[in-house]
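Scroll down for the structure; my scribbles are underneath it.
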There are 2 protein chains.
Amino acid sequence: MNTAVLSGKRLAGLIQQRAQDEARLLENEGLRPSLAVVVATDDESTHWYVRSIERAAERAGIGCRILDLGHDATEQVLAGVLKDLSAEPTVNGIILQTPLPAGVSADELVGHIAPEKDIDGANPLSLGRLAVGQPAFAPATARAVIELLDHFEVPVAGRNVVVVGRSAVVGKPLSLLLLAKDAAVTICHSKSGALETYTQPADVVVVAAGRTGLLTGSHVSPKSVVIDVGTNVLADGSLVGDVDEASVTGVAAALTPVPGGVGSVTTALLLLHTAEAARDQSRSLVRATAG
Amino acid sequence: MNTAVLSGKRLAGLIQQRAQDEARLLENEGLRPSLAVVVATDDESTHWYVRSIERAAERAGIGCRILDLGHDATEQVLAGVLKDLSAEPTVNGIILQTPLPAGVSADELVGHIAPEKDIDGANPLSLGRLAVGQPAFAPATARAVIELLDHFEVPVAGRNVVVVGRSAVVGKPLSLLLLAKDAAVTICHSKSGALETYTQPADVVVVAAGRTGLLTGSHVSPKSVVIDVGTNVLADGSLVGDVDEASVTGVAAALTPVPGGVGSVTTALLLLHTAEAARDQSRSLVRATAG
């Protein structure tokens with residue numbers, strides 16, 4: 001079996017271009033889409049990641065404000081900032097970056113992000129709206145999986161798709177997106193029993209469990225398209241996914257690499273979501289003024 | 001195979017009793033839990049159903065106000081009533097009963113039900129909160145399935161559970177509840193392909209598709225516990241589920257009857273949710289006063 005490598009790089013470039021095109025259209029109307037990223041950590045890799053979003057935003061003609069509140073920011077301060085940004089007309093998209101200070105939980109904080117600016121689908125209301133089919137932003141990572149499947153023309157309607165991982169950030173929203181595309185969706189996790197029972201017969205396997213080497217060649221079949229959402233940093237600083245690439249290669253039909261797969265698409269989608277949010281907000285402003 | 005009949009009647013009685021006990025405790029504090037049901041239809045069977053909730057509430061010592069807005073109520077009027085009830089301190093639980101007048105969609109209206117009073121889990125925010133593990137009421141029907149499984153000691157942790165139907169009222173919230181109980185959950189629907197592929201190997205099959213005779217004996221195995229959520233009214237007025245009872249009986253391990261299964265538990269849960277909502281609201285009132 002010659003396992004195809006489904007790189008996300010070309011798709012990331014296409015989505016980045018769509019974000020840029022959208023931003024240019026809005027510029028003609030005198031608007032500049034703008035993203036705010038709230039950070040409250042000293043973690044180096046987080047700052048590196050946030051700066052990479054900032055650079056990508058600049059390239060796309062999207063404004064990006066990083067609000068660094070420090071590693072000792074309180075929940076009250078963070079909530080206040082998120083409320084202010086939600087009310088601020090010049091901000092179109094808001095990201096609350098994890099990790100947060102010790103003792104501060106994102107769970108309640110994300111409820112302060114206005115749904116129309118919740119471009120990484122963190123507010124539970126966004127997830128609920130997604131579930132009932134109302135307009136909402138999905139978490140960028142979940143949408144990245146769908147965009148990758150579309151890009152490589154992997155059919156999911158009427159197919160057996162297994163999602164490994166039940167997080168509110170990937171597993172659950174991704175399952176909703178897959179259901180909306182008419183897939184039969186199975187959600188497995190650390191306590192669901194023998195993984196291969198579910199993944200072996202699947203057409204598509206998405207792994208988002210955060211565990212290095214979780215999916216091996218014995219879990220898949222020659223028809224399996226494997227999407228690796230994992231991003232695990234090893235002791236030597238290198239980045240690996242949840243899939244044991246060496247053993248899956250040669251067995252599965254296709255596999256997304258880490259890095260260079262889902263992750264590269266995710267950042268581009270954050271920008272596209274910001275541009276889309278800016279467009280939607282400018283239109284509802286026109287409606288409000290006209291009405 | 002001697003297929004066990006999993007009647008919901010005894011469980012419904014136990015839950016009704018729990019609601020009554022909770023109501024009595026609150027009465028000692030001078031509180032009477034109260035439910036408001038908003039109706040906007042001439043449909044006879046709907047009125048019959050709402051009156052059955054009213055009678056059950058009376059028996060449990062729970063107040064029940066039926067607000068009949070007529071079959072020509074506008075979306076604005078309905079929204080106004082839901083907002084008023086959400087703000088009214090003497091109302092603890094709110095149900096927006098379907099069907100609604102032609103052209104009026106429940107989708108946006110349910111967003112006006114305050115989450116803490118959303119005792120049938122209709123607001124998308126309730127679904128989102130459920131997904132992220134925050135306190136929220138699940139739709140009573142979805143919880144009824146879980147309570148039935150618990151009552152008859154059917155294990156789901158680490159088991160293969162298939163949910164047929166992807167509605168926001170049953171399929172999706174039920175899948176979230178099952179995931180929280182560590183099941184491996186597969187969601188099938190009208191476009192997901194051959195049903196038996198998924199249901200045959202399953203330990204538990206929940207059918208909530210609204211299609212008479214959808215699940216037959218050939219879809220199940222001797223280990224299958226089958227939960228029938230369907231409520232289809234036949235031309236002669238009789239009520240049947242989604243399961244072809246005759247063909248599944250003798251093949252599956254167990255089956256819930258229709259009527260007398262999930263449905264009977266659902267009404268009792270609406271009352272228990274109302275009592276729980278009253279308790280939670282009285283406590284947060286105490287906190288607000290003390291704080």
Side-chain angles (χ1 to χ4, degrees), chain A residues 105-108 110-111 115 118 121-136 139 155-169 171-173 175-176 178-195 197-203, chain B residues 105-108 110-111 115 118 121-136 139 155-169 171-173 175-176 178-195 197-203:
Chain A
S105 152
D107 289 2
E108 293 294 329
V110 289
D118 186 25
N123 187 332
L125 182 54
S126 297
L127 195 50
R129 292 179 67 93
L130 216 60
V132 302
Q134 288 175 3
V156 297
R159 304 298 172 102
N160 179 344
V161 179
V162 172
V163 176
V164 185
R166 54 179 160 172
S167 74
V169 181
K172 283 170 186 165
S175 301
L176 294 171
L178 288 164
L179 277 177
K181 292 180 85 75
D182 292 336
V185 180
T186 297
I187 308 166
C188 296
H189 45 83
S190 55
K191 294 179 179 165
S192 61
L195 195 56
T197 321
Y198 303 101
T199 55
Q200 269 276 2
D203 300 294
Chain B
S105 153
D107 289 1
E108 294 293 331
V110 290
D118 186 24
N123 188 332
L125 182 54
S126 297
L127 195 50
R129 292 178 68 92
L130 215 60
V132 302
Q134 288 175 3
V156 297
R159 304 299 172 101
N160 178 345
V161 179
V162 173
V163 176
V164 185
R166 55 178 159 173
S167 75
V169 181
K172 283 170 185 165
S175 300
L176 293 171
L178 288 164
L179 277 178
K181 292 182 84 75
D182 292 336
V185 180
T186 298
I187 309 166
C188 297
H189 45 83
S190 55
K191 292 178 180 167
S192 61
L195 195 55
T197 321
Y198 303 101
T199 56
Q200 269 276 3
D203 300 294

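Just so it is clear: chains get the letters A, B, ... in the order the sequence lines come, proteins before strands, and each one is counted from 1. Everything numeric in this text was worked out from a predicted model, so none of it was measured.
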Is it the side chain or the backbone of B:A131 that comes within 4.5 Å of chain A heavy atoms, both, or neither? both
One option among A:V132, A:L127, A:L179 has the most heavy-atom pairs under 4.5 Å with chain B, and it is A:L179
With sequence neighbours excluded, what pairs up with A:N123 under the side chain to side chain donor-acceptor pair (under 3.5 Å) test? none
Interatomic spacing from CG in A:L130 to NZ in B:K172 - rounded to 0.5 Å: 8.5 Å
Partner chain B: residue of A:A184, A:P201, A:A168 with the largest heavy-atom pair count (under 4.5 Å): A:A184
Does any heavy atom of chain B fall under 4.5 Å from the side chain of A:L178, the backbone, both, or neither of them? neither
Side-chain donor/acceptor of A:S126 to backbone N/O of A:A122, under 3.5 Å: no
Name each donor-acceptor pair under 3.5 Å that joins a side chain in residues 158-165 of chain B to protein atoms two or more places apart or in another chain, with its distance.
none

Between the CZ atom in B:R166 and the OG atom in B:S175, the distance rounded to the nearest 0.5 Å is 12.0 Å
For the interface with chain B, which of A:L125, A:D182, A:T197 has the highest count of heavy-atom pairs at distances below 4.5 Å? A:D182
